[in-house]
Amino acid sequence: MKIVRHIANLGYGSRKQVQALFREGRVTDAAGEVLYTDDPVDHDAIRIDGEVLDPAQGLCLVLHKPVGYTCSTKDTGRLVYDLLPARWRLRDPVLSTVGRLDRDTSGLLLFTDDGGLLHRIISPKSQLPKVYEATLAQELRGDEAATFASGALLLDTETKPLLPAELEVIAPLRVRLTLHEGRYHQVRRMFAAVGNHVSALHRSRIGGLALDDLAEGQWRTLDAADLARLFAADAA
């Protein structure tokens, strides 16, 4: 791929705008030597205004999503993309969220521009465990863990029972729930089905990947070791 198109696809501007960066001498190599549009150069050697080029196609990152942000590029209000570099909205291929967290849910949210990786994560066949911590409006009755683990719970308006899920009690009004699928508002609907209400919800883990010490609103790119942890066989 030609260097102008490559840089444009990373969101730095249209091809015409990227060509202007070259004319202005703002595109250099790691040593500060000005590059030209026909120079053969590797991605890692390119600098714009002295800064390392954004990650190439195949980007995957994790964000600690705060409450109040929507997983969308077009909705009004605060969007998860507002927490990332602005030009990343212009990347081609598109940088997409891997599934969604609703506005009132915080926690681990993945993004990628790799369609194959996205499909592998969200595919029902993967059954990657997703761990949520929920604050409830009222104390548990005592039979919820058995109900969720049964594989027979049917949500309102659905005809296919949920896969078995594991419930762990942390405190009288706090629980940890591990799912192996990802239906719409699943955690909230599960507790509604047993007569309770989720007042706060946080996703702490997907597969073997956790937020660790990533602060709310912060993000980091994932490397091969992170992806290996994500898909680790003993992730549950």
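- Heavy atoms only, all atoms of each residue included: A134 and L201 are closest at CB-CD1, 3.8 Å.
- With sequence neighbours left out, the side-chain hydrogen bond (donor to acceptor under 3.5 Å, both in side chains) criterion links H64 to no other residue.
- When hydrophobic clusters are built by joining Ile, Leu, Val, Met, Phe, Trp and Tyr residues whose side-chain heavy atoms come closer than 4.5 Å, directly or via intermediates, L209 is not grouped with F111.
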Show which side-chain atoms of residues 15-22 pair as donor or acceptor with protein atoms under 3.5 Å away, not counting sequence neighbours.
from: Q17; atom 1: OE1; to: S14; atom 2: N; distance (Å): 2.7
from: Q17; atom 1: OE1; to: S14; atom 2: OG; distance (Å): 3.4

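- Note that NE2 of H180 is 11.0 Å distant from OG of S126, once rounded to the nearest 0.5 Å.
- Taking both residues in full, the closest heavy atoms of P164 and A149 are given as CB-O, 3.4 Å, listed atom of the first, atom of the second, then distance.
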Residue pair R220, D226: steps toward the salt bridge (Lys or Arg N to Asp or Glu O under 4.0 Å) verdict: CA-CA 11 Å; R220 68 176 180 87; D226 291 316; 2.9 Å; yes
task: Could you check L177 against V131 for side-chain contact (heavy atoms from CB on, under 4.5 Å), going step by step and ending with a plain yes or no?
output: CA-CA 6 Å; L177 184 64; V131 180; over 6 Å; no
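- Side-chain contact between M190 and L162 is present, with heavy atoms from C-beta onward closer than 4.5 Å.
- At least one side-chain heavy atom of L61 sits under 4.5 Å from a side-chain heavy atom of L84.
- Remark: the backbone N or O of R120 is not paired with any side-chain donor or acceptor of S123 at under 3.5 angstrom.
- Legend: residues meeting ring-ring contact (aromatic ring centres under 6.0 Å, His included) with H43, ordered by chain and number and at least two apart, are H6.
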message: Evaluate V80 against L63 for side-chain contact (heavy atoms from CB on, under 4.5 Å), listing each step before the verdict.
response: CA-CA 9 Å; V80 290; L63 168 73; 4.1 Å; yes
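- Electrostatic pairing of E166 and R176 does not count as a salt bridge here, judged by no charged N lying under 4.0 Å from a carboxylate O.
- In this structure, V67 and E216 have side chains that are not in contact, with every pair of non-hydrogen atoms separated by 4.5 Å or more.
- Note on E24 versus R26: salt bridge recorded, some NZ/NE/NH1/NH2 to OD/OE distance being below 4.0 Å.
- Looking only at atom types and distance, the side chain of R100 has no donor-acceptor partner in the side chain of T105 under 3.5 Å away.
- The residues D54 and R91 are annotated as not salt-bridged, no charged nitrogen and carboxylate oxygen being separated by less than 4.0 angstrom.
- D113 places none of its side-chain heavy atoms less than 4.5 Å from the side chain of V94.
- Residues satisfying the ring-ring contact (aromatic ring centres under 6.0 Å, His included) criterion with F148, sequence neighbours excluded, are F191.
- A salt bridge does not link D212 with R205: none of the charged nitrogens is closer than 4.0 Å to a carboxylate oxygen.
- Y36 forms part of a hydrophobic cluster together with V34, judged by ILVMFWY side-chain heavy-atom separations under 4.5 Å.
- Expressed to the nearest 0.5 Å, how far CZ of R188 lies from CG of L155 amounts to 14.0 Å.
- In summary, the side chains of R203 and Y132 do present a donor paired with an acceptor at a separation below 3.5 Å, with no hydrogens or angles considered.
- Hydrophobic clustering (side-chain heavy atoms under 4.5 Å, transitive across Ile, Leu, Val, Met, Phe, Trp, Tyr) groups L227 together with V62.
- Residues L163 and L167 fall into different hydrophobic clusters, defined by Ile, Leu, Val, Met, Phe, Trp and Tyr side chains chained together at heavy-atom separations under 4.5 Å.
- In this structure, the side chain of T112 engages the main chain of L59 through a donor-acceptor pair within 3.5 Å.
- Pairing each heavy atom of L154 with each of T159, the nearest pair is CD1-C, 3.5 Å.
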field: Check against salt bridge (Lys or Arg N to Asp or Glu O under 4.0 Å), K130 and E181
entry: CA-CA 8 Å; K130 303 173 184 68; E181 57 188 328; over 6 Å; no
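- Put simply, the side chain of S199 gets close to the backbone of T135: a donor and an acceptor are under 3.5 Å apart.
- For the pair L79/R89, a side-chain contact is recorded, criterion being any heavy-atom separation below 4.5 Å from C-beta on.
- Separating the CG atom in L136 from the CZ atom in R174 is a distance of 10.0 Å, to the nearest 0.5 Å.
- Between E168 atom CD and T178 atom OG1 the span is 7.5 Å, to the nearest 0.5 Å.
- Here the side chain of D114 pairs a donor or acceptor atom with the backbone of G116 at under 3.5 angstrom.
- Of all heavy-atom pairs between T147 and S150, the closest is O-OG, 2.7 Å.
- Between D29 atom CG and I46 atom CD1 the span is 10.0 Å, to the nearest 0.5 Å.
- A distance-only check finds no donor-acceptor pair linking the side chain of R78 to the backbone of T70 [under 3.5 Å].
- For the pair V98 and I122, the minimum side-chain heavy-atom distance is below 4.5 Å.
- Connection of L101 to L95 is established within a shared hydrophobic cluster, with ILVMFWY side chains joined at heavy-atom distances below 4.5 Å, either directly or through further cluster members.
- W219 is connected to L109 through a chain of hydrophobic side-chain contacts under 4.5 Å among Ile, Leu, Val, Met, Phe, Trp and Tyr, so both are in one cluster.
- When only modelled atom types and interatomic distance are considered, R47 and T28 share no side-chain donor-acceptor pair under 3.5 Å.
- Using a 4.5 Å heavy-atom threshold, the side chains of I48 and Y12 count as touching.
- When the shell of 6.0 Å around CG of D49 is examined, it contains more than 12 heavy atoms from other residues, nucleotides or ligands.
- Contact between I121 and L110 at its shortest, heavy atoms only, is CD1-CD1, 4.1 Å.
- The shortest non-hydrogen separation linking G195 to Q138 is O-NE2, 2.9 Å.
- K65 is listed as a side-chain neighbour of C71, based on a closest heavy-atom distance under 4.5 Å.
- A donor-acceptor pair under 3.5 Å is absent between the side-chain atoms of Y81 and the main chain of W88, judged by distance alone.
- Considering CZ of R5 and CD1 of I3, their distance stands at 14.0 Å, rounded to 0.5 Å.
- With sequence neighbours left out, the ring-ring contact (aromatic ring centres under 6.0 Å, His included) criterion links Y69 to no other residue.
- Side-chain atoms of D42 do not come within 3.5 Å of backbone N or O of D44 as any donor-acceptor pair.
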